[in-house]
S.K.: 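Following this message is one structure expressed as structure tokens.
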Protein chains: 2
Amino acid sequence: MPQVRKVEDDVLLARLAHTFKDVGYEGASLSAISEATGLKKSSLYHRFPRGKEQMAQEVLQQVADTLEAELFPVLAGAETPGRKMAAFVRVMDSVYAGGRESCLLNMLSPPRGTQGVCGEAIAGTFHRLRTALSQVAHQASAGDDEADLRAEEVLVALQGALVMARGIADPAVFERTLTRLPGIIDPNGGA
Amino acid sequence: MPQVRKVEDDVLLARLAHTFKDVGYEGASLSAISEATGLKKSSLYHRFPRGKEQMAQEVLQQVADTLEAELFPVLAGAETPGRKMAAFVRVMDSVYAGGRESCLLNMLSPPRGTQGVCGEAIAGTFHRLRTALSQVAHQASAGDDEADLRAEEVLVALQGALVMARGIADPAVFERTLTRLPGIIDPNGGA
DNA sequence: GTCTATAATATGATAGAC
DNA sequence: GTCTATCATATTATAGAC
């Protein structure tokens, strides 16, 4: 009888993501993952034959897919920079649960030197975000170099706010930081 | 004959810190630590009877001690805000090896909810840094609330730059961010 | 203070029943 | 597709020689 999927793929990935965000790659033992997902280890290997590394890869891929579907079309669209950044803030506030969850790009980051597949995915997502934000800054009348710097500054603030929110156990840092982001990309945007 | 210290305490702590910065708390197995420090596991337990948790605690304590000795006296001293922030940048550039090393406050951060001793130390160091930076901002004619926000913004940028530098394997992000920090605390400081 | 040796447990991973 | 049972290895931790 139990030939049916006990946990749907999207739910499974969401629970995996939550676990990785909480304890990181090394901290996420298969036992912990099993408990978090409700699937036994062997069932997890059925879904992810290459084990934990594949889980991390697919979770990162889903992050990339979500951004590609929900964020980048807006940032590349016809709206004003102000509206685009409002959407950016909305998406990030949702992705990071108001600062109560950490970033997978941080928590899944491999050791220095050991780049590997996850490292490539993480770097790629950072670059993709920076490019998209830079174009918004460019739209807000920044020169090419200045636009890149503004985009970088936004990502730096986003990541730092998440680290600090976790470090002092206070999501308010993240919320305060979010409100600053539109003004970084578009200083004349009536922030 | 080998009744003498093979590795001095400060060297031992430095090697431990390097390992934790690289692979995080969970990723730093005793085997890895043993190899990195040049001491066998049982020797490590002789130095740190409570094991890895104690190692992390002492490494964090040493970070706090270093800041207390090298940074906070300057920030609380009689110099101009500009000189204080120049010293801040110098210390941070050294502590994080120009962006090629991660922050222990990030890499040793315990899972959400599980605060524990390390969590307390990390939060304490964040608060201590924020307070000291806020006083510099206050000196640079910021109001009390504004000073706190500027201090927070500096720490957020610092942490985020380290995460991003690691994520895209490019320390330049960190160096660029460092140059912005004095202007955040003192916008009229001729940055 | 350091080492070799060892114990108890946890981990990543596989085999095979249903 | 999920499960129980199992394996080989790695992990934290301790005992005792030098």
Side-chain angles (χ1 to χ4, degrees), chain A residues 1-60 62 107-111 114 116-119, chain B residues 1-20 22-60 62 107-108 110-111 114 116-119:
Chain A
M1 184 199 320
Q3 197 96 349
V4 287
R5 263 191 166 66
K6 192 177 171 186
V7 181
E8 293 302 321
D9 282 12
D10 54 342
V11 182
L12 181 54
L13 274 185
R15 292 177 182 174
L16 280 174
H18 189 268
T19 304
F20 282 133
K21 285 177 181 177
D22 209 16
V23 300
Y25 184 82
E26 306 288 349
S29 68
L30 286 193
S31 316
I33 292 173
S34 173
E35 189 164 358
T37 58
L39 288 179
K40 297 294 181 183
K41 293 186 215 176
S42 37
S43 304
L44 290 168
Y45 275 99
H46 180 78
R47 302 270 198 117
F48 307 95
R50 299 199 325 282
K52 200 162 77 167
E53 185 177 318
Q54 186 180 358
M55 298 181 207
Q57 286 171 23
E58 294 203 13
V59 159
L60 284 172
Q62 204 229 24
M107 302 304 285
L108 292 180
S109 194
T114 315
V117 187
C118 278
Chain B
M1 184 194 330
Q3 198 97 346
V4 288
R5 263 189 166 67
K6 193 177 171 187
V7 182
E8 293 303 320
D9 282 11
D10 54 341
V11 181
L12 180 53
L13 274 185
R15 291 177 181 173
L16 279 174
H18 188 268
T19 305
F20 281 133
D22 209 16
V23 299
Y25 183 83
E26 307 288 349
S29 68
L30 287 192
S31 315
I33 292 173
S34 173
E35 190 164 358
T37 58
L39 287 180
K40 296 293 182 183
K41 295 183 212 177
S42 36
S43 305
L44 290 168
Y45 275 99
H46 180 78
R47 303 270 198 115
F48 307 95
R50 301 199 325 282
K52 200 164 75 167
E53 184 176 317
Q54 187 180 358
M55 299 181 206
Q57 286 169 24
E58 295 203 14
V59 159
L60 285 172
Q62 204 229 23
M107 301 305 284
L108 292 179
T114 314
V117 188
C118 279

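Just so it is clear: chains get the letters A, B, ... in the order the sequence lines come, proteins before strands, and each one is counted from 1. Atom set for the values below is all heavy atoms of this structure, side chains included, hydrogens, waters and symmetry mates excluded.
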S.K.: Which atom pairs, one a donor and one an acceptor, fall under 3.5 Å between side chains of residues 16-24 of chain A and the rest of the protein, sequence neighbours left out?
M.R.:
{"unit_1": "A:Thr19", "atom_1": "OG1", "unit_2": "A:Arg15", "atom_2": "O", "d": "2.9"}
{"unit_1": "A:Lys21", "atom_1": "NZ", "unit_2": "A:Val95", "atom_2": "O", "d": "3.2"}
{"unit_1": "A:Lys21", "atom_1": "NZ", "unit_2": "A:Glu101", "atom_2": "OE1", "d": "2.8"}
{"unit_1": "A:Asp22", "atom_1": "OD1", "unit_2": "B:Arg112", "atom_2": "N", "d": "3.2"}

S.K.: Is there a residue in residues 40-48 of chain A whose heavy atoms reach under 4.0 Å of DNA chain D, and which residues are they?
M.R.: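 Heavy-atom contacts with DNA chain D come from A:Lys40, A:Ser42, A:Ser43, A:His46, A:Arg47.
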
S.K.: To the nearest 0.5 angstrom, please state how far the OG atom of A:Ser109 sits from the OH atom of A:Tyr25.
M.R.: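 Rounded to the nearest 0.5 Å, the OG-OH separation comes out at 13.0 Å.
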
S.K.: For residues 30-40 of chain B, which side-chain N or O atoms pair as donor and acceptor with protein atoms under 3.5 Å away, sequence neighbours left out?
M.R.:
{"unit_1": "B:Ser34", "atom_1": "OG", "unit_2": "B:Leu39", "atom_2": "O", "d": "2.6"}
{"unit_1": "B:Thr37", "atom_1": "OG1", "unit_2": "B:Ile33", "atom_2": "O", "d": "2.8"}
{"unit_1": "B:Thr37", "atom_1": "OG1", "unit_2": "B:Ser34", "atom_2": "O", "d": "3.4"}
{"unit_1": "B:Thr37", "atom_1": "OG1", "unit_2": "B:Leu39", "atom_2": "N", "d": "3.3"}

S.K.: Using a cut-off of less than 4.0 Å, is there contact between a side-chain N or O of B:Ser29 and OP1 or OP2 of D:dA10?
M.R.: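 For B:Ser29, the contact criterion (side-chain N or O under 4.0 Å from OP1 or OP2 of D:dA10) is not met.
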
S.K.: A:Arg50 has an atom CZ; how far is it from atom C1' of C:dG12, in whole Å?
M.R.: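 Rounded to whole Å, this separation is 15 Å.
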
S.K.: In this structure, how many angstroms lie between the P atom of C:dT11 and the CG atom of A:Leu30, rounded?
M.R.: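 Between P of C:dT11 and CG of A:Leu30: 9 Å.
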
S.K.: Each nucleotide N or O in nucleotides 7-9 of chain C that has a protein N or O under 3.5 Å away: list the pair and distance.
M.R.:
none

S.K.: Mind listing the closest non-hydrogen atom pair of A:Gly51 and A:Tyr45 along with its distance?
M.R.: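 So the minimum-distance heavy-atom pair works out to CA-CE2, 3.6 Å.
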
S.K.: How many whole angstroms separate atom CD of B:Glu35 from atom P of C:dC3?
M.R.: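 So the CD-P distance, B:Glu35 to C:dC3, works out to 13 Å.
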
S.K.: Rounded to whole Å, please give me the gap between CG in B:Leu39 and P in C:dT4.
M.R.: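 Computing the B:Leu39:CG to C:dT4:P distance gives 12 Å.
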
S.K.: In Å, rounded to the nearest 0.5 Å, how long is the span from CD of A:Glu26 to CG of A:Leu108?
M.R.: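 That separation rounds to 10.0 Å.
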
S.K.: Select from A:Pro49 and A:Ala32 the residue whose nearest nucleotide in DNA chain C is closer to the 5' end of that strand.
M.R.: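 Residue closer to the 5' terminus by nearest nucleotide: A:Ala32.
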
S.K.: Tell me which pairs pass salt bridge (charged side-chain N to carboxylate O under 4.0 Å, His left out) where either residue lies in residues 43-55 of chain B, with sequence neighbours left out.
M.R.: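 Passing the test, one end in residues 43-55 of chain B: B:Asp9-B:Arg47.
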
S.K.: Just how far, in rounded Å, is P of D:dT12 from CD of B:Gln54?
M.R.: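 Those two atoms, CD and P, are 15 Å apart.
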
S.K.: Between C:dG12 and A:Lys52, is there an OP1 or OP2 to side-chain N/O distance shorter than 4.0 Å?
M.R.: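 For A:Lys52, the contact criterion (side-chain N or O under 4.0 Å from OP1 or OP2 of C:dG12) is met.
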
S.K.: Counting only non-hydrogen atoms, which of residues 8-22 of chain A are less than 4.0 Å from DNA chain C?
M.R.: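 Listed by number, there are none.
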
